[in-house]
Enquirer: 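Pasting a structure here, questions to come.
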Amino acid sequence: MSYVKEVLQSGERVLYQARISLWNFFVLYVAIVVLLLAMIGANNAGSTMGIVYILLVIAYFVIRILITYYGTELVLTDSRLIYKRGFISRYTSEMTYKKIESIHVAQSILGRLLNY
């Protein structure tokens, strides 16, 4: 069960549910590609342990991406904003509309071009 479903008050409606952008993990994607190229080089050199180490690091990066992506909830209800991050350890932030004074949005040039 999602965190948001657990904390919704009676009569409260979800207006919008969002996810973090997969573009946030661009650096990890580049690292995975570099590691795959290193793995090809290690395979050509005959280094079996090198391949195992590289696969472990790639698996760590993939698991980190999945946990961050699926462990983050961003929900706008008719009375508040809810943010939850994490699976086992959890960080949450809930704010009613009365407490929101301003909203700051930072979007890079690449973000504007790719609409994320």
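Note that the coordinates shown come from a computational prediction; the quantities given were computed from them, not determined experimentally.
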Enquirer: Quick one: which of Ile67, Asn24, Ile20 gives a side chain to side chain contact (heavy atoms under 4.5 Å, CB included) with Thr72?
Expert: Ile20
Enquirer: Roughly how far apart are Leu114 CG and Ile109 CD1, rounded to 0.5 Å?
Expert: 12.0 Å
Enquirer: Please find the pair of heavy atoms, one from Tyr3 and one from Glu73, that lie closest to each other, and give the distance.
Expert: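 Here Tyr3 and Glu73 meet closest at N-OE2, 3.2 Å.
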Enquirer: Give the minimum heavy-atom separation between Asp78 and Gly11, together with the two atoms involved.
Expert: OD2-O, 3.9 Å
Enquirer: Would Arg19 pass as a cation-pi partner of Tyr69, given that its NZ or CZ must be under 6.0 Å from the six-membered ring centre and within 45 degrees of the axis?
Expert: yes
Enquirer: Same cluster or not: Val27 versus Val33, using hydrophobic residues (I, L, V, M, F, W, Y) connected whenever any side-chain heavy atoms lie under 4.5 Å apart?
Expert: no
Enquirer: Does Val57 belong to the same Ile/Leu/Val/Met/Phe/Trp/Tyr cluster as Ile54, with side-chain heavy atoms less than 4.5 Å apart forming each link?
Expert: yes
Enquirer: Just grab all the ring-ring contact (aromatic ring centres under 6.0 Å, His included) pairs involving residues 15-57, residues at least two apart or on different chains.
Expert: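 Every ring-ring contact (aromatic ring centres under 6.0 Å, His included) pair that includes a residue of residues 15-57, provided the two are not neighbours, is Trp23-Tyr116.
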Enquirer: Indicate, with yes or no, if Ile40 and Met49 share a hydrophobic cluster defined by side-chain heavy-atom contacts under 4.5 Å among Ile, Leu, Val, Met, Phe, Trp and Tyr.
Expert: no
Enquirer: Starting at CG of Leu36, measure out to CE of Met39 and round the result to the nearest 0.5 Å.
Expert: 5.0 Å
Enquirer: Please answer: with hydrophobic residues joined when any side-chain heavy atoms are less than 4.5 Å apart, are Phe87 and Tyr60 in the same cluster?
Expert: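 Yes, same cluster.
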Enquirer: Would you compute the distance between atom NZ of Lys84 and atom CG of Leu74 and round it to the nearest 0.5 angstrom?
Expert: 10.0 Å
Enquirer: Is any side-chain heavy atom of Val75 less than 4.5 Å from a side-chain heavy atom of Thr77?
Expert: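 A side-chain contact exists here, since the closest heavy-atom pair is under 4.5 Å.
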Enquirer: Can you tell me how far apart CG (Leu81) and CG (Leu76) are? Round to the nearest 0.5 Å.
Expert: 6.0 Å
Enquirer: For the pair Glu12 and Arg80, find out whether any cationic side-chain nitrogen is under 4.0 Å from an anionic carboxylate oxygen.
Expert: yes
Enquirer: Can you measure from CZ (Arg64) to CG (Leu66) and round to the nearest 0.5 angstrom?
Expert: 12.5 Å
Enquirer: Answer whether the closest heavy-atom distance between the side chains of Val62 and Leu28 falls below 4.5 Å.
Expert: no
Enquirer: Atom CD1 of Ile82 and atom OG1 of Thr92: how far apart are they, to the nearest 0.5 Å?
Expert: 9.5 Å
